[in-house]
Amino acid sequence: MSSSKKVYTKDEWQRKLNEVKIRKSDMNRLVMNYFVTEGYVEAAEKFYKETGTEPDMDLGTITDRMEVRKAIQCGNVQDAIEKVNDLNPEILDTNPQLFFHLQQQRLIELIRSGKVEEALEFAQEELAPRGEENHEFLQELERTVALLAFEDTSSCPVGDLLDVSQRQKTASELNAAILTSQSHEKDPKLPGLLKMLIWVQKQLDEKVSYPRINDFATAALEDPAT
Amino acid sequence: MPASTGWGRPEDLVENLSSMDTTARLKALRDVKNQIIGNKTKKLSYIKLGAVPRVVEILASDAEIPLLVQSAAAVGSFACGNEAGVKAVLDSGVLPHLLKMLSFGDNKQVVEACARTLKMIFQSSLAPRSEMLVGQRMELLLNLLNSSNENVAEVAAHVLARCCESVEHQQAIVDAGGMQRLVTLLSGTIRRREAALDGLAALVKNNPQLSLQLAAMEQGRPLALIIKFVKDKIPRTRFLACMCLANISRSCPFCYPQEWDIRTSMLAVIVKLLEEPGQVGEESPIVLADIVANNEELQRAAYKFDAIVKLSALLQRESLPTKQLEGILMALAELCSRLEESRRQLLDQDPGKNAQAAIISALSHPSESVRVASCTCIKSLSRSVKNLRTTLSDERLVFPLFKLLDDPSPVVQVAALSAVSNVVLDFTPHKSVFFQCGGVSQLIQLSRSMDPMLRLNAVWALRNLLYLADMAVKEKVISELTVSTLTSLIHDPEEMVQEQALAFVRNLVYGSVDSVQQVFAEESAILIAVERQLCIACRPEVCTQGVYVLSNIAAGNELHKEAVMSFVAPVSQEGRNPSPILRFLQDMSNPQLRVAAVWCVMNLSYPDSPGAVTRVARLRESGIEQQLQKMVDDPCLDVKDRVKTALEQFTGLANV
């Protein structure tokens with residue numbers, strides 16, 4: 001089958017690639033979009049100085065957003081909540097799921113630091129009413145409270161809640177909500193482009209044999225399969 | 001102090017809101033704000049503790065920026081997402097203070113916080129909307145549209161949009177120059193143009209004149225811009241553009257070139273937006289319903305875009321926001337209103353039972369508008385005979401649906417009645433279910449209601465219940481309804497009710513001789529009422545149903561035919577009289593009435609019955625044959641065919 005496909009050598013392919021003109025300024029905007037969306041303020045500032053590419057949002061708001069993110073990553077959920085409320089009270093008032101996840105994260109932090117009584121009281125007072133309003137929340141709440149039942153949380157079935165990745169997940173959700181409230185797209189454009197590249201390569205695979213990019217970090221062209 | 005929160009006792013916090021010490025006041029304010037944001041339970045308990053007036057007091061009399069910002073934010077949060085909060089906030093007289101800050105405030109943070117709070121208040125129907133559209137307030141709102149702060153401009157557009165409750169409100173905004181200003185905002189930043197789209201959509205909703213005005217403005221330039229936004233990369237912009245254009249199309253169809261193509265391309269966009277998270281996904285279904293309303297071709301296109309599959313999947317999600325649930329049901333109702341394939345797809349899906357279960361459970365939803373939407377959806381689904389025979393005659397549906405006939409809200413009752421009307425129109429073996437659950441008694445109760453809409457729909461449902469019903473059903477219904485109620489419904493002050501009552505009698509007497517016999521009960525009271533109504537009624541629709549009653553009776557035995565004859569060809573001392581039926585045969589306004597009248601004559605002159613010869617002679621004397629001869633070339637084919645048959649019967653019997 002594959003022998004019937006047309007084969008492009010690396011040279012031919014490279015020539016074709018060179019024919020595609022991409023404006024430098026577009027590339028720069030793509031990079032800047034990544035920096036500001038992901039919150040790399042310093043990188044964005046340096047990049048602006050070097051290339052003159054205007055960031056598509058106020059860098060001051062990025063700093064606020066990053067402080068919120070950092071607070072969650074350090075386990076200071078209440079601090080993060082207060083910061084978001086100062087930024088824009090609408091975010092948590094109109095987004096019950098996000099609000100629940102923050103409260104859940106707070107409960108997780110209390111359990112992590114061994115404050116059992118406090119954790120139970122918090123779950124009862126703050127989280128239980130949300131569970132009554134929403135069945136999905138109740139299930140998540142039950143899963144979280146289950147952490148208290150295990151002596152050794154490292155091997156328990158709900159131990160993943162104590163992972164760093166759980167903090168990351170909560171932080172990302174909040175980050176996305178802040179971006180949306182600022183009318184900014186919540187994901188950078190770059191990953192979308194990469195997904196498109198993967199899709200296009202898959203489409204191409206069926207038709208021709210060509211130098212694929214397998215390693216996206218280096219974007220090196222492989223030898224075409226013959 | 002509860003260890004978990006680190007906050008003070010609620011009572012103390014509330015007390016501290018009025019502390020003389022500024023630092024303590026600010027701390028209490030921040031604490032209250034951070035406790036209530038996102039937490040409905042806390043909002044309600046602080047409202048009970050009397051926190052709202054104290055917070056408003058700070059906004060009214062303090063001057064320090066942090067205090068003003070925090071108090072505006074707290075007021076906004078109290079008003080966010082719960083009506084009790086909005087009420088408490090409005091009762092405490094916050095509105096003038098907010099507007100004052102918005103007019104004269106020079107601090108960006110304070111102005112933004114006040115603007116947000118205003119927006120929260122105006123999301124509720126409790127907000128004093130018409131008060132905003134007079135004098136200085138209207139001027140203020142329009143000025144805020146031009147604010148250099150886009151948060152403020154956005155709120156102004158939002159508040160204007162929420163104030164468009166009636167044509168008068170819309171016109172007042174346009175007269176003050178609102179449409180022009182919103183159009184200018186269309187070319188601004190993302191948030192400004194989204195605010196503008198929101199405002200414009202509200203201005204043109206259900207308003208043909210303003211729809212036309214917007215479409216024709218500046219040689220169509222703003223319109224072209226809105227059309228461009230349908231394909232924008234930001235989902236919310238796409239959504240708002242679709243909403244705006246759907247409102248234009250709904251109130252003024254075909255008012256600009258290529259409207260049709262644009263509606264079709266909008267459809268593809270909106271179907272994709274259904275799965276968007278947040279507000280866009282929540283509100284897209286209702287816009288979809290607007291786009292396809294009353295249009296079979298677009299409904300078919302939506303079907304091809306998999307709209308039913310997507311809506312049905314969404315419907316089965318847990319804890320949907322009320323607005324989204326309502327929208328999904330309305331969209332499904334529109335999509336299934338005409339197309340059998342859509343209905344089938346919704347009910348037959350694998351696992352199809354769940355979509356159906358979700359629609360049924362929406363019948364008992366706490367929100368009135370969801371209950372109405374689910375009735376409307378069932379009404380559409382029940383337009384299919386196949387569904388009636390199977391899925392929809394299910395007890396699990398019938399019981400909760402009939403329960404809604406008792407709903408405290410008349411709007412729900414009317415919606416339930418019109419669904420019931422279709423569901424009882426039945427060829428099903430499940431008729432007994434309607435009696436078992438007390439639904440029929442309920443319908444009869446409602447047919448005596450003071451509300452004409454309820455009476456109309458109840459009689460309509462009863463009429464459908466009797467369609468092709470067997471004797472047992474008819475007897476049961478008539479004995480419970482009573483002859484005297486039926487005669488007063490025939491003479492109801494509302495013509496629409498008269499029509500349905502006569503149609504009810506028409507179905508009652510259709511079929512066997514026993515059925516016909518029903519109108520002769522209690523000294524022929526029903527027949528007399530029908531005949532009296534036929535003598536005085538003007539509306540052709542009313543007369544048509546009445547004439548069909550006579551026609552169906554004339555299909556009975558000799559006695560029945562004679563009873564009709566004494567009305568159709570009355571004999572008096574002076575000999576022959578013109579027949580009252582002549583008036584209907586001559587009515588050129590409505591062919592249906594002529595068809596009914598000819599049917600009646602045909603049944604009376606049906607040759608295979610003993611008294612036919614005498615009857616034909618009498619009909620002839622009353623001038624009916626002469627009239628029929630004038631009708632051999634009637635413009636309506638239906639009339640023409642029947643006239644031919646009737647005349648043949650006349651000639652056949654004359655030659656015996």
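Numbered from 1 within each chain, the chains take letters A, B, ... in sequence-line order. Computed from a predicted model, the values in this text were never measured in an experiment.
With chain A as the partner, the residue from B/I234, B/N39, B/T189 showing the most heavy-atom pairs under 4.5 Å is B/N39. Here B/K119 is the residue among B/K119, B/E112, B/R236 with the most heavy-atom pairs under 4.5 Å with chain A.
In this structure, A/Q124 places its CD atom where only 12 or fewer heavy-atom neighbours from other residues, nucleotides or ligands lie under 6.0 Å away. When the shell of 6.0 Å around CD of A/Q203 is examined, it contains more than 12 heavy atoms from other residues, nucleotides or ligands. By the neighbour-count criterion of 12 heavy atoms within 6.0 Å, atom CD of B/E11 is densely surrounded, having more than that number from other residues, nucleotides or ligands.
Of all residues in residues 69-79 of chain B, those placing a non-hydrogen atom less than 4.5 angstrom from a non-hydrogen atom of chain A are B/Q70, B/A73, B/S77.
For the pair A/E90 and B/I37, the minimum side-chain heavy-atom distance is 4.5 Å or more. No side-chain heavy atom of A/E136 sits under 4.5 Å from any side-chain heavy atom of B/R317. With contacts defined as side-chain heavy-atom distances shorter than 4.5 Å, the pair A/R130/B/T41 qualifies. Residues B/K33 and A/E82 fail the side-chain proximity criterion, which asks for heavy atoms closer than 4.5 Å.
Contacts of A/P96 with chain B are absent, with no heavy-atom separation under 4.5 Å from either backbone or side chain. In this structure, the portions of A/D86 lying under 4.5 Å from any heavy atom of chain B include both its backbone and its side chain.
The minimum heavy-atom distance between A/S181 and B/R191, with the atom names listed, is O-NH1, 4.0 Å. Across B/R116 and A/N88, no two heavy atoms sit closer than the pair NE-OD1, 3.0 Å.
Using a 4.0 Å cut-off between charged side-chain N and carboxylate O, B/K40 and A/D93 make no salt bridge.
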